[in-house]
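Naming: A, B, ... by sequence-line order, numbering from 1 per chain. What you are looking at is a predicted structure, and each value in this text was computed from that prediction instead of being measured.
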Amino acid sequence: MNVTDELREFLDKHLPPFREVWGERPSYEGRLVWQGILQRGRWVAPQWSKENGGRGLDVVEALACSEVLADYQAPATAGIFGVANVGPTIAQWGTDEQKQSLIPILEGTELWCQGFSEPSTGSDLAGLRTRAVLDGDEFVINGQKIWTSDAHRAHQIQLLVRTDPEAPKHKGISALLVPLETPGIEIRPIQQINGDAEFCEVFFTDVRVPRSALLGPMNQGWMVTMTTLGHERSGVVTHASAVVREIESMVDSFSFAKAGHELSPHLQDELIERYVEGRVVGILGERSLESIKATGQPGSEQSIIKLEWSLFTQRLSSTRLALGGADAVIGADEQSNMSYLQARSATIAGGTTEVMKNILAQRVLGLPA
Amino acid sequence: MNVTDELREFLDKHLPPFREVWGERPSYEGRLVWQGILQRGRWVAPQWSKENGGRGLDVVEALACSEVLADYQAPATAGIFGVANVGPTIAQWGTDEQKQSLIPILEGTELWCQGFSEPSTGSDLAGLRTRAVLDGDEFVINGQKIWTSDAHRAHQIQLLVRTDPEAPKHKGISALLVPLETPGIEIRPIQQINGDAEFCEVFFTDVRVPRSALLGPMNQGWMVTMTTLGHERSGVVTHASAVVREIESMVDSFSFAKAGHELSPHLQDELIERYVEGRVVGILGERSLESIKATGQPGSEQSIIKLEWSLFTQRLSSTRLALGGADAVIGADEQSNMSYLQARSATIAGGTTEVMKNILAQRVLGLPA
Amino acid sequence: MEHDLSPEANELRDMVRTFLERKAPESAVRTTIEAGHGRDEDVWTQMAGQLGLQGLLVPEDLGGQGTTPVEMGVVLEEIGRALLPSPFVSSSVIAVSALIGADDTDASGDLLRGLADGSRIATVAFSSGLLGRDKESTVAASEPEGGWQLSGEVAAVLDAGAADTILVFAPTLEGTGLFAVEAAATERTPLTLLDLTRQASSVRLVDVPATRIGGEAGDVEARVLATAAAALCAESAGAAQRVLEMAVEHAKVREQFGKPIGAFQAVKHLCADIFTVAESATAVARHAARSLADQDATLGSVQLETSLAKAYVSEHGADAAEKNIQVHGGIGYTWEHPAHLYLRKLKSNELLFGDAVAHRAQMARVLGLKAPAAPHDVVDVRGENATV
Amino acid sequence: MEHDLSPEANELRDMVRTFLERKAPESAVRTTIEAGHGRDEDVWTQMAGQLGLQGLLVPEDLGGQGTTPVEMGVVLEEIGRALLPSPFVSSSVIAVSALIGADDTDASGDLLRGLADGSRIATVAFSSGLLGRDKESTVAASEPEGGWQLSGEVAAVLDAGAADTILVFAPTLEGTGLFAVEAAATERTPLTLLDLTRQASSVRLVDVPATRIGGEAGDVEARVLATAAAALCAESAGAAQRVLEMAVEHAKVREQFGKPIGAFQAVKHLCADIFTVAESATAVARHAARSLADQDATLGSVQLETSLAKAYVSEHGADAAEKNIQVHGGIGYTWEHPAHLYLRKLKSNELLFGDAVAHRAQMARVLGLKAPAAPHDVVDVRGENATV
């Protein structure tokens, strides 16, 4: 049986009873439960190797599975940072002991976060100052992380620390795997502009972990991290097709048949302009997929998908408000307000638009730094 | 009699017979003739002192005169660089001998251009390389200027040259006044993207001028030049009100009464958006005028008028094409094509948008260089 | 000293800024927001008692200061700058302008006195124009037995919760009338606004007794809507000026890659763009106020000039707040940082009392781009032809 | 090697690029422009003889290569990149597609053979859709005595001056027909185009004898218009790629303030923006070509996907050329620099065959945002309802 058919069968069987208990928009707890169910069929990360809890699918098959999950509007899994980022890095760099985490990551019993950004770094990620000093067989960690997604829920953190203050800034960094219950760690959620708290500050005061917490070679943490970020690549393709689904369903909701009326010429034009932009992101994603299929690597279009997606998201959030009109800002449409506020982070988080354009100009176009 | 009434009387008398000969859109020769007529009433630069051929009006009166000339749709004068830029600088820095040029400048019998930009400088005006070396009582000039407006028509050039190559780049520059018929000068018009030739390259090969050609102190040419540019200040106000007249007359031409039909909702909205932008430039100009009246200096709004004007001009030129539709690009509307092409220079000439924003951020907002 | 303002207006501005910096700093604003009161009672009382701000537009013989919309605009800039939560715009600008426009001192003199000294609060329920859509008000007036009564619903009335009196523009059998009702006699349901410093409610009226103020009020409503739009422009201009300061301060002190981020061209250009919006918004807001202050201006001219300002501010205002967050990066995305409070204000002001498209459409009508309305349209004073 | 193209298409692209770099460098393009010929006869002959480009879309049994719009798209990208002046789009893409769409080999076989080997040149006069306004064509067909005749005027027909045959979409008493007329039998007045590498004429027909090709051609015309829009997208994508190279080259070598201007963030961002447009335009142009190549696609789906591409390219394409001039500064504003030739091409392609607004409106119809057309509208195959 075709792998996507197998997945469909699985979903047909398990999704309806899950929904009966947790509803259409499950809470975080519900998503954790769903992740456990999904992993019983090894569907959380089917592109992972079989011994690590996946199915060893290639990128095209894996993306096809994502599409099926999206078709079914299956709930998002809960432990996304472990599955998408930390797990693949451990799989590549980890010791056998560290790889013990991989199955729990997929099952959702071990939740991870990533401690990269610091208050003083911002766009200059490699300028991080949190230090780890070897004291016998232990690292002693002192410093502060910020914008750590999900830290308030996670069990473990993949941490970047400076282990050689004398080296050039990219070369003195190591990656550590640290249980968040280790003494000396304090976690403070950051309330965002929409009132939610998705990010945290994490403080480290004389936190001691064994030498075995080191992931990959000492002082090679930058390279290890870049691998992690590299694993988000095919994620961009999934993301691009999610954008297409979002805009298509939005346009559909304003169809004459569903809405019962036409939009004003101006709003119609604005909505279709968003549709064009969203579809272009999708088409760039498809183009990227062709490169990944042929070479295992995305092409240069990859570098603009995040840029275009982030601007699209912000424009779409403004269009949502425009479609709601003044009603939207005066209480009738809280969803649009939230999406407008949330969208502010699209051009900041994961690399500001300004920095990404610099990188694009330098790395892809070869302009001088 | 009020000065503007006097000007109106003058125009009522002289404009109709001029138009009978030269028509509504006079050629350059016609504009020269008109300048001569206008100066018979001392109306070319009424803000200049009486002994220099003006009327000694203050800036508010002078601007009121500009408005009257615009109301009458009087032809532009021909020798604009002499009147607007070179003349005021000579009046401030010139020797008595040099000041002999002022009356001919107003009369249009002596036409001037300004040799500032060089091929290698671009936005970095002070990086100029054209050199003048004192040889006895003569300067010997070698180098090249570019983007010299009107050089092919002018009699004289106000030239910036490097006279001290050892000094910091702003400090080794001098200003010279050079007749263009001096041996060793070659002028080549530059054909622009719309086919016109308004700018020239000017080449200097062992050009010898007497020491008396020096304008202002030796090696102080940068300061002398900045004075010149400073004289464009109240010009910006005039410019802003010209923008308002332009957009008002354009909107008027699409009024239902004149056009006989309504624009599509999209084009109407776009046209009114231009109207708003044009009017905003005008209102900023008025605000600037209040500062000039009160202090003799424009306020910080001054720095954005050129920025906003240049972007407005480009958007308006695109709107013109949009209003014409595909017909515009296929021959029916050459005027719109020309204005679209011409508008490209608005964000380049006289300081690129990028450099002007840097300057604004540094000088007005105090951000670090 | 700003030279497009009179010396007196400059003084007023300095006075109000000092007052608000002292009495309504960000911490106090947040306290008021969290308490859900809509205003700090002490600040409100002092604004009226010490500074006389609530009475700026009220004639001197009714206890006010009799100044013009230009001075009021300066105060509104400062209120926007400080993000002061209060019913000031609703009561001291919009309601006062409606009462003055209706020109019926017999009916409204006492109320104006109360509004001027801050002891009473009023707001206006418009027949249309706040939300810019069909049926935002279904209220109609009838006169069953000598006394007027109002019935219907208004989707949103600013500060209705705080108001003692609600002034209602409503159709009668003959044109539009302006009516005053006791707020307590209406059913008010609070709304949740994007702008945390503003309050509004939906209002339901069932045979509520009403006092009629003045006569045919179609033009009065149109002019009050123009006044309201101009007031939001002034608020937004003040907010944008503060946003600019915030962005520039941050760009000077925040370091990245070993230097202040303001040394990077991209950040410079973001700040230059914010500056452009703040300066332009200030210039057009004051321009709109001058047009409102011009006694000789026709309704059409007032609509053109105020819509010019509102079209500009609605098109670009929120952009300043968005770019400010971009300059700040992550920290600007947090609840504790004030950047989002300004974003909420500027975005909300963009859409209330007509967005940019609506105001450009109004300008197109005034500028004659539209075919003239058929005669029967002009009689219908509600809806989009009302303002031709 | 571009992975969204087949190995054969990649090869074709390399071959065409090499050919055009050799045969049609900028100097040759300028010579052709200045001579006003519209094409270099030798290049045209070699394109047909050596490379078979004119016959790409013509079936093999009629002397062509029988390839798909995807391969043709690759060639069009190269033609746009080189700015090759020629009637290629009109004759080898649009006219060929019209003839194939009309599916009447008896009537059109010989002509298709001639178009395929480059010995004949044809163009299409549309009933509407090139200029996007009312009455761009007034041509109507009549059949007085057994033979068809056409009369009326077409405001613009691309490459009519170079054409031997003009194919005309014109209303008959029963729907739209496709007709072939001898170009020499019409009155052609050359137009002056913004794009110096393209030619067009207005065309007047007075009782011109015509051969009818195929039957009801309303849907054929709609599909050919979609093909034409997609062809301009491919041209523009190729032009944008060249514009990107130009901007990046200049940014690397031009020095200001002591370093290459590409080291400045503002210039980097301009180049990044141009890159975004060039990549996106290329991606959507190829997407549109794939949708045209899909035999199973409905007309609505083809219109949606080609309009998607045209809406994107029309909205953003000229921006790339404008920003390129900005990167170049003064030198980009001169006649001798090729920047303006690309600006003219990209701006002109923005407006021909429907601007962004028109294509978004078409998409809105296909996506069901519009109320369904009344039945009688559907019968009228001309005008905006034709494409529902």
Region of [X] that comes under 4.5 Å of a non-hydrogen atom in chain D:
{"X": "A:L365", "value": "both"}
{"X": "A:T295", "value": "side chain"}
{"X": "A:E308", "value": "side chain"}
{"X": "A:I304", "value": "side chain"}
{"X": "A:E248", "value": "neither"}

side-chain hydrogen bond (donor to acceptor under 3.5 Å, both in side chains) contacts touching residues 359-369 of chain A (sequence neighbours left out):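 The answer is A:Q362-D:K268.
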Only pairs of heavy atoms separated by less than 4.5 Å count here; which of [options] has the most with chain A?
{"options": "D:V267, D:V284, D:L367", "result": "D:L367"}
{"options": "D:A311, D:S307, D:S280", "result": "D:S280"}
{"options": "D:A356, D:G262, D:A309", "result": "D:G262"}

Mark yes when over 12 heavy atoms from residues, nucleotides or ligands other than A:D5 sit less than 6.0 Å from its CG; otherwise mark no. yes
Should we say atom CZ of A:R129 is surrounded by more than 12 heavy atoms from elsewhere, each under 6.0 Å from it?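 Atom CZ in A:R129 is not crowded, with 12 or fewer foreign heavy atoms closer than 6.0 Å.
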Measure the [atom1]-[atom2] distance between [X] and [Y] for me, rounded to the nearest 0.5 Å.
{"X": "D:H269", "Y": "A:T353", "atom1": "NE2", "atom2": "OG1", "value": "9.0 Å"}
{"X": "D:D4", "Y": "A:L289", "atom1": "CG", "atom2": "CG", "value": "11.0 Å"}
{"X": "A:L367", "Y": "D:F275", "atom1": "CG", "atom2": "CZ", "value": "11.5 Å"}
{"X": "A:S255", "Y": "D:K370", "atom1": "OG", "atom2": "NZ", "value": "13.5 Å"}

In short, D:K252 meets A:G366 closest at the heavy-atom pair CE-O, 3.2 Å
If you take all heavy atoms of A:A369 and D:A263, which pair is closest and at what distance? O-CB, 3.9 Å
Report yes if some heavy atom in the side chain of A:E262 is under 4.5 Å from a heavy atom in the side chain of D:L369; otherwise report no.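 A side-chain contact is absent here, since even the closest heavy-atom pair is not under 4.5 Å.
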Using non-hydrogen atoms and a 4.5 Å limit, figure out which bit of [X] sits close to chain A: side chain, backbone, both or neither.
{"X": "D:L5", "answer": "neither"}
{"X": "D:L244", "answer": "side chain"}
{"X": "D:E249", "answer": "neither"}
{"X": "D:E245", "answer": "neither"}

Determine which pairs satisfy ring pair (Phe, Tyr, Trp, His ring centres under 6.0 Å) with at least one residue from residues 298-330 of chain D, sequence neighbours left out, and list them in order. D:H250-D:H328, D:Y312-D:H316, D:H328-D:H337
Among pairs that include at least one residue of residues 271-285 of chain D, which meet salt bridge (charged side-chain N to carboxylate O under 4.0 Å, His left out), considering only residues two or more places apart or in two chains? A:R287-D:E279, A:K357-D:D273, D:D273-D:K323
Find the one option among A:S291, A:P265, A:P368 whose heavy-atom pairs under 4.5 Å with chain D are most numerous.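 The option with the most such pairs is A:P368.
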Suppose a student defines contact as a heavy atom less than 4.5 Å from any heavy atom of chain D. Which residues in residues 271-285 of chain A would they list? A:L271, A:I272, A:E273, A:Y275, A:V276, A:R279, A:V280, A:I283, A:L284
